[in-house]
Structures are given as C-alpha cells and as structure tokens.
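Notes to accompany the following structure.
Sequential numbering from 1 along the given sequence is applied to the chain's residues. Values below: all heavy atoms of this structure, side chains included; hydrogens, waters and symmetry mates excluded.
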Amino acid sequence: MSFTIRPATPADLDAIVAVHKAAATTPGNLARAPEEVTPAYGDYAIASDICLVAVEPDGTVIGEIHARRETIALFAHVLGGLTVAVHPQRQGQGIGSRLFDTLIAWARAAQPEILRIELAAGAGNPGAVRLYERLGFQHEGRQAARGRLPDGRFEDDILMGMLLF
Ligand SMILES: CC(C)(COP(=O)(O)OP(=O)(O)OC[C@H]1O[C@@H](n2cnc3c(N)ncnc32)[C@H](O)[C@@H]1OP(=O)(O)O)[C@@H](O)C(=O)NCCC(=O)NCCS
C-alpha cells in the first residue's frame, strides 16, 4: 500500500500517540512502555526540531520519527533524541526507511548545519540495529545494563552515529 511522508502538525497528536502505543506493545523495542506513551509525549515529539509522519492515502498515520538538535553550542551540530515507530501491522514495508531517508535529507539541508545524527537501540532489537547499519549508522559503543525489561532482565544499549561530512 502506498504512503507519503510529511511534517507532523498538532492535529496529528492522537494518531502519533496511537502509533507509538501500538509499537510499544512489543517489550524491548521502544524504550517507553505503552502506558508511558502519553499525550505529553506526543506534544514533545511534535515540538521536536524535526517530526515527520508517514500517512496512508486516506490520511491514517502509520509511522512517525522525531529528533532534536542539541542546544549547547559545543554540540549544536548534533541531532539526537531520535525515536522512530511504525505501526506493527505496517512494519517491514519500507516505511521506517523512508522516514529516515526524509529525516537525513532534511538534516543535510538544515541551517545552522547538522553534521552528526546519533541514536541508541536496545541490544534486544537486532532488526532495528540492522536497519540503522543499512542506512549508514556506525556502531560507536555499548552501554551495559542501560535498560531493565519488565521481567527484570537487563539489556545493553547500542550507541550508533552517522556523520554528514
Ligand atoms: C524499527 C522500525 C522503525 C523499522 O521500520 P520498518 O518500516 O519496519 O522498516 P523498513 O520496512 O523500512 O525496513 C525493514 C528493516 O527494519 C528492520 N526491522 C526492525 N523491526 C522490524 C519489524 N518488526 N519488521 C520488519 N523489519 C523490521 C529490519 O532490519 C528490516 O530489515 P531486514 O528486511 O533486512 O530484516 C519498525 O520496525 C518499528 O517501529 N519497530 C518497533 C519500534 C522500534 O523498535 N523502534 C526503534 C527503537 S530503537
């Protein structure tokens, strides 16, 4: 099924929250549990420096990506706080890749310059790590026991970055 990518607007709030809640039902993928995906989180996403949604022809939101430019001058060329979610029924259909392609194109054209994009993924989310590798993100490190899953197990975080120069 076809879809388009466009900037999010405040009118997308409920739909963005719904997509993240649905994606969060698989433990260990998104950092937030479903009950932590609140309207306040949706507002935070939409207020990011870049917030894009993937929409079906009828307007249904099926994916979202957002990220923020660092505010301290030393890091002002860095885009971080990146989170992406695609509705579980639409995963594996190229939507996440297109959201990233659009975000990276935006970052390359941004002024002041963005020269680095960074993200983290749980070690138990190898599909996402594979996607980020394919997009050109490099492995930069590992944070031991950064996450703790609902069953009490610890999980490492994998740090990845992409330079735009
Ligand atoms: C990770 C995610 C955003 C990727 O979006 P997508 O639209 O499914 O990805 P695409 O179809 O563009 O690309 C497919 C690739 O994504 C990865 N992937 C991750 N989760 C996947 C899933 N549930 N189904 C299929 N592919 C998935 C795989 O590497 C796959 O490549 P492969 O075919 O070589 O295995 C999406 O699967 C998702 O929302 N997952 C749950 C939330 C999450 O994990 N977010 C990232 C937190 S770091």
- Task: Show your working on side-chain contact (heavy atoms from CB on, under 4.5 Å) between Glu64 and His20 and close with a plain yes or no.
- Result: CA-CA 8 Å; Glu64 187 268 348; His20 277 260; 2.7 Å; yes
Roughly how far apart are [X] [atom1] and [Y] [atom2], rounded to 0.5 Å?
{"X": "Leu79", "Y": "Ile114", "atom1": "CG", "atom2": "CD1", "result": "4.5 Å"}
{"X": "Glu36", "Y": "Tyr41", "atom1": "CD", "atom2": "OH", "result": "10.5 Å"}
{"X": "Gln138", "Y": "Met162", "atom1": "CD", "atom2": "CE", "result": "8.5 Å"}

Hey, any chance [X] and [Y] share a hydrophobic cluster, counting ILVMFWY side chains that come within less than 4.5 Å of each other, even indirectly?
{"X": "Trp106", "Y": "Ile104", "answer": "yes"}
{"X": "Val37", "Y": "Val61", "answer": "yes"}
{"X": "Val84", "Y": "Leu103", "answer": "yes"}
{"X": "Leu164", "Y": "Leu99", "answer": "yes"}
{"X": "Tyr44", "Y": "Val19", "answer": "yes"}

- Between Glu113 and Arg108, is there a salt bridge with N-O shorter than 4.0 Å? no
- Salt-bridge criterion met for Asp49 and Arg69 (N-O under 4.0 Å): no
Least distance between heavy atoms, [X] atom then [Y] atom:
{"X": "Gly94", "Y": "Phe3", "result": "O-CZ, 3.9 Å"}
{"X": "Gly80", "Y": "Glu70", "result": "CA-OE2, 4.3 Å"}
{"X": "Thr9", "Y": "Ile46", "result": "O-CD1, 3.7 Å"}
{"X": "Ala22", "Y": "Pro88", "result": "O-CG, 3.4 Å"}
{"X": "Ala24", "Y": "Ala33", "result": "CB-C, 4.1 Å"}
{"X": "Ala45", "Y": "His66", "result": "CB-ND1, 3.4 Å"}

- What do you reckon, is CD of Glu35 surrounded by more than 12 foreign heavy atoms closer than 6.0 Å? yes
- Should the heavy atoms of other residues, nucleotides or ligands under 6.0 Å from CZ of Arg68 be counted, would the total exceed 12? yes
- Query: In this structure, which one of Ile95, Ile65, Ile117 forms a side chain to side chain contact (heavy atoms under 4.5 Å, CB included) with Phe100?
  - Reply: Ile65
- Message: Please evaluate residues Asp156 and Ile158 with respect to the criterion side-chain contact (heavy atoms from CB on, under 4.5 Å), reporting the C-alpha separation (whole Å), side-chain torsions for both, the decisive distance (0.1 Å), and the verdict.
- Response: CA-CA 7 Å; Asp156 296 353; Ile158 295 173; 5.6 Å; no
- Task: Start with the C-alpha gap between Leu163 and Leu115, add the side-chain angles, then the distance that decides, and say whether side-chain contact (heavy atoms from CB on, under 4.5 Å) holds.
- Result: CA-CA 6 Å; Leu163 298 181; Leu115 299 172; over 6 Å; no
Contacts table for residues 118-135: side-chain donor-acceptor under 3.5 angstrom, sequence neighbours left out:
unit_1, atom_1, unit_2, atom_2, d
Glu118, OE1, Arg116, NE, 3.0
Glu118, OE1, Arg116, NH2, 3.0
Glu133, OE2, His139, NE2, 2.6

- Task: Give a yes or no answer on whether the side chain of Thr60 reaches the backbone of Glu56 with a donor-acceptor pair at less than 3.5 Å.
- Result: no
- Task: Answer yes or no: is there a side-chain heavy-atom contact under 4.5 Å between Pro7 and Cys51?
- Result: no
- Query: If we only count heavy atoms from C-beta on, is the Leu30 to Thr83 side-chain gap below 4.5 Å?
  - Reply: yes
- Query: Does any pair with a residue in residues 11-33 pass salt bridge (Lys or Arg N to Asp or Glu O under 4.0 Å), and if so which ones, sequence neighbours excluded?
  - Reply: Arg6-Asp12
